[in-house]
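In what follows, chains carry the letters A, B, and so on, assigned in the order in which the sequence lines appear, proteins first and then strands, with residues in each chain numbered from 1.
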2 protein chains.
Amino acid sequence: MISPPSYRSHPSPFESGLRSDGKRMTPQRKKVLSLFEEIGSGIHLSAEEVHSKLTISGEKVSLATIYRTLRLLVKMTFLNELDLSEGGNRFELLSHDHPDHHHLICIRCGRTEEFENNNVINAGKEAATNFGFKLLESSLNVRALCPKCSNK
Amino acid sequence: MISPPSYRSHPSPFESGLRSDGKRMTPQRKKVLSLFEEIGSGIHLSAEEVHSKLTISGEKVSLATIYRTLRLLVKMTFLNELDLSEGGNRFELLSHDHPDHHHLICIRCGRTEEFENNNVINAGKEAATNFGFKLLESSLNVRALCPKCSNK
DNA sequence: CCTTTTGTTGCGAGCTGTTCTCATTACGCT
DNA sequence: AGCGTAATGAGAACAGCTCGCAACAAAAGG
Ligand SMILES: [Mn+2]
Ligand SMILES: [Mn+2]
Ligand SMILES: [Zn+2]
Ligand SMILES: [Zn+2]
């Protein structure tokens, strides 16, 4: 029989964020966030894809819980939600070094590249200011054809 | 009994665009495009809204036909399709003086303002060039709170 | 510990926006 | 007017997502 460590281990930022809000850490939540962390940033997964990736690696989490958890992780700013037009929404690990990147999407094959541009960020700020709006977030989606799809 | 005019009237750009592609002008198609033209640019309508506006003014066009026609009008570049995240997609008359405008959206009440910014356009071009993509279109969506929704 | 409380899950039903199927209609051409 | 074929209307189907609720499980209290 293994006894738990006698010291109190540091809770992860995820766990303490949950706790401080009366919410609980669960295996399902851990699995979803871990998937994104293992896969790294710059990868954009749909809820369906999260579900099948977990299923394939033997972890059973219901689709409804995945949707709930994704929403939660977005609200907690661990994930970023993308609306790339075609198909369902996608989610990516929110990297704190590149929080404001934008996306270049091949509308044929779905290949997606990321880029940053301060002018875009400023354009959003400026527009919000001009109309007296309080800026939340601005996202530039560039729809295009990748080299492979472009020459036939 | 009224006879049709004996001269051949100039077909509209819409009609000639259709004809040149083996497609036909129909009352339904005319009604949908006319609605957008009468209502003017800068107005963003969902398919459902197009349907109810036509229904209210006594024009009966089925919802399926409206979806088909909206797709067609986008492909023919008479309309622009917006993906403002929340709810269904919206459509607007594509004004040829302001083809590349962007949108500032209040996520609470839906109020939407338009703005133009050359830096944004250039950012899209630049990103496409850097990755060897062929640019199709780029759209900046700024999510924010309008003054009314922002203070309470 | 056992009990209570309360947040969370899984499942299926439900919902919303959009597309599809197919029988019927009607545009455009002669 | 008649023909070929595109387009429509009506409803079924679909995709993506949310909800309701019973079963479950983590905290909290005794
Ligand atoms: Mn990204
Ligand atoms: Mn607009
Ligand atoms: Zn491609
Ligand atoms: Zn508002």
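- In this structure, B/Q28 does not reach the C/dA26 phosphate: none of its side-chain N or O atoms is under 4.0 Å from OP1 or OP2.
- In this structure, A/R24 does not reach the D/dA27 phosphate: none of its side-chain N or O atoms is under 4.0 Å from OP1 or OP2.
- Following rounding to the nearest Å, A/E15 (CD) and C/dG7 (P) show an atom-to-atom distance of 17 Å.
- Distance A/R68 CZ to C/dT9 P: 6 Å, rounded to the nearest Å.
- Between B/H101 and B/H44, the angle of the ring planes lies from 30° to 60°, which puts this pair in the tilted group.
- With DNA chain C read from its 5' end, the first of the two nearest nucleotides for B/R19 and B/E81 is the one closest to B/E81.
- A straight line from NZ of B/K23 to C1' of C/dA26 spans 17 Å, rounded to a whole angstrom.
- Rounded to an integer number of Å, the gap from CZ of B/F14 to P of C/dC27 is 14 Å.
- A donor-acceptor contact closer than 3.5 angstrom links the side chains of B/T65 and B/R68.
- The side chain of A/T65 places no N or O atom within less than 4.0 Å of a non-bridging phosphate oxygen (OP1 or OP2) of C/dT8.
- Between A/Y67 and D/dT18 there is no side-chain polar atom (N or O) within less than 4.0 angstrom of OP1 or OP2.
- Atoms CZ (A/R71) and C1' (C/dT9) sit 14 Å apart, rounded to a whole Å.
- Taking side-chain N and O atoms only, A/R29 has a distance below 4.0 Å to OP1 or OP2 of C/dT8.
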